[in-house]
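Below is one structure; the comments refer to it alone.
Just so you know, these numbers come straight off a predicted model, no measurement behind them. In what follows, chains carry the letters A, B, and so on, assigned in the order in which the sequence lines appear, proteins first and then strands, with residues in each chain numbered from 1. Below, all heavy atoms of this structure are taken into account, side chains as well, without hydrogens, waters or symmetry copies.
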Number of protein chains: 2
Amino acid sequence: MGATHMLQDNAIVKHMAVPGQHYGAAESAKDHTIRLKADETIYSEGEYAFAIYQVEAGAVRIYRLTPSGQRYILSFCGKGEWFGLETGNVRTDFAEAVCDARITPFRANRNAVVPVDLLNIALTNLAKAQHKQLVITEQSALKRVAAFVHEMADGHPGDCEFDMMMSRSDIADYLGITVETVARCFTKLREKRILCLKGRLQRVVRLLDRDALISLTI
Amino acid sequence: MGATHMLQDNAIVKHMAVPGQHYGAAESAKDHTIRLKADETIYSEGEYAFAIYQVEAGAVRIYRLTPSGQRYILSFCGKGEWFGLETGNVRTDFAEAVCDARITPFRANRNAVVPVDLLNIALTNLAKAQHKQLVITEQSALKRVAAFVHEMADGHPGDCEFDMMMSRSDIADYLGITVETVARCFTKLREKRILCLKGRLQRVVRLLDRDALISLTI
DNA sequence: CGTATGATTGACGCCGTTCAAACCACGTGG
DNA sequence: CCACGTGGTTTGAACGGCGTCAATCATACG
């Protein structure tokens, strides 16, 4: 999190980053960890936004519903990532646990101090959103799925085997394609000997050829 | 710009918004207006990021080049909008004037104060990026173009006739479709009597049926 | 064993890409 | 003035990939 950002030598900006400084004070902004079961709702569109959250374990999906009722997943948040920071006071999207998860809320109590760099969180989320735009417009379903697996693999550095946790339907709504196409792309990746799928629901990936995967996403 | 955001009653956040308060001080962060000709470069990928910018007149395109050399336009910035706020010290994208334009840079000089709410800018840009994700995945080229025209129309409230300024190629790279498809969609919008196109390069839109346009984007 | 849920596979049609040509307004120079 | 070239836009024809609808498979659970 300690990433520096531009304009960092600015006096105002400096004041924003007080990591852990006020944490543990009499009136801490940090609440206790919340344990969530799979698919449990964290907040919904239209609700009052009183906190931001950090993922401790598991994964969270942030999504919106189009007027036609279709779900579009804006982002998945894994361990260490922040979500729930909005422009206004009202939620514009939904947050749910993808699987069993733990998250920590940070409330904005009066006089309490949030021990986090909000600007950094906002800019990180912006960078994620921009990268996703590139992935999505970078047409060809196979490229999108490859980029998704790559993204998941980045969340597990070192491991060549990991659990994606999300369903095919989650992946489809995240990449803007259909479940069937997602399945077809995964079989293509298997045929190309880039990965294996394991587990009851085929959500555990074993990476066989990371380089080939990356070259697909380009 | 003065939009409130969540956690606004937080002490740290309060300190960030000092609109105009320090402006005009001995060492102002605001530089003089820059005048740009069409297609002139503002900054490029890899450069050191020392300032953010506000558009005074005209329009600016923010884009990236994929490894395969394809251009993808992340956003257009019109009058009043901010761009150039990045996560790191190094530019990750390019900024160019779409047409003749005027912009104001805000440097991060030592001891100088940026009279703007950086968090608000970041969150606004994040909201824009998220909305664009919905537009793009909301497949069907016609819907994308309709959403684009709608977005342009929002920049000219009240006017039913305005200049889009960008070329078909700009629009294509912005929406992730081809120039030909963009042209076909515009003729469809003309056939549906939703708009007329004027000017030598057919970039001036006259909106005939705003409601029909909006209902297309849903 | 029957049902339910989620993943996979197949067949077919449509929409957008690709390649190509035409068009239009505006220059230039003969 | 006309011929020609240029940059941007539009239109046409053919191909291919993804969505749709449907059936099948695998595993878990009552």
Counting heavy atoms from C-beta on, name the nucleotide in [options] closest to the side chain of [X].
X: B/T178; options: D/dG19, C/dT17, D/dT11; value: C/dT17
X: A/A183; options: C/dT17, D/dT20, C/dT9; value: C/dT9
X: A/T187; options: D/dC18, C/dT9, D/dG8; value: C/dT9

Could you give the [atom1]-to-[atom2] distance, from [X] to [N], as a whole number of Å?
X: B/L201; N: C/dA25; atom1: CG; atom2: C1'; value: 8 Å
X: B/L197; N: D/dT11; atom1: CG; atom2: C1'; value: 15 Å
X: B/L189; N: D/dT11; atom1: CG; atom2: C1'; value: 16 Å
X: B/D173; N: C/dT17; atom1: CG; atom2: P; value: 11 Å
X: A/R168; N: C/dT9; atom1: CZ; atom2: C1'; value: 14 Å
X: B/F186; N: D/dG8; atom1: CZ; atom2: P; value: 16 Å
X: B/L142; N: C/dC14; atom1: CG; atom2: P; value: 17 Å
X: A/L175; N: D/dC18; atom1: CG; atom2: P; value: 12 Å

Discussion item. Can you classify the ring geometry of A/Y53 versus A/F83 as parallel (below 30°), tilted (30 to 60°) or perpendicular (above 60°)?
Written reply: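 Answer is parallel, since the angle falls under 30°.
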Worksheet entry | Nearest-nucleotide comparison on DNA chain D, the residue closer to the 5′ end among A/K188 and A/R200 |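 Its nearest nucleotide being more 5', the pick is A/K188.
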Practice prompt. Please determine, by modelled atom types, if B/E138 and A/Y72 share a side-chain donor-acceptor pair under 3.5 angstrom.
Written response: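 Absent: no donor and acceptor within the cut-off.
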Could you tell me whether the side chain of [X] has a donor or acceptor atom within less than 3.5 Å of a complementary atom in the base of [N]?
X: A/E180; N: D/dC21; result: yes
X: B/Q202; N: C/dC24; result: no
X: B/R203; N: D/dG8; result: no
X: A/R184; N: D/dT20; result: yes

Practice prompt. Check whether any side-chain nitrogen or oxygen of B/S167 sits under 4.0 Å from OP1 or OP2 of D/dG8, and answer yes or no.
Written response: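 Indeed not, no polar side-chain atom of B/S167 lies that close.
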Worksheet item: For the side chain to side chain contact (heavy atoms under 4.5 Å, CB included) test, which of B/V98, B/I42, B/T41, B/D100 pairs with B/L36?
Response: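 Exactly one option meets the side chain to side chain contact (heavy atoms under 4.5 Å, CB included) with B/L36, and it is B/I42.
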Worksheet item: What's the spacing between A/H156 NE2 and A/L207 CG if we round to 0.5 Å?
Response: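 Going from NE2 on A/H156 over to CG on A/L207, the span is 10.5 Å.
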Worksheet item: Could B/D93 and B/R61 be called an ion pair, given the rule that one side-chain N must be under 4.0 Å from one carboxylate O?
Response: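 A salt bridge is absent here (no side-chain N lies under 4.0 Å from a carboxylate O).
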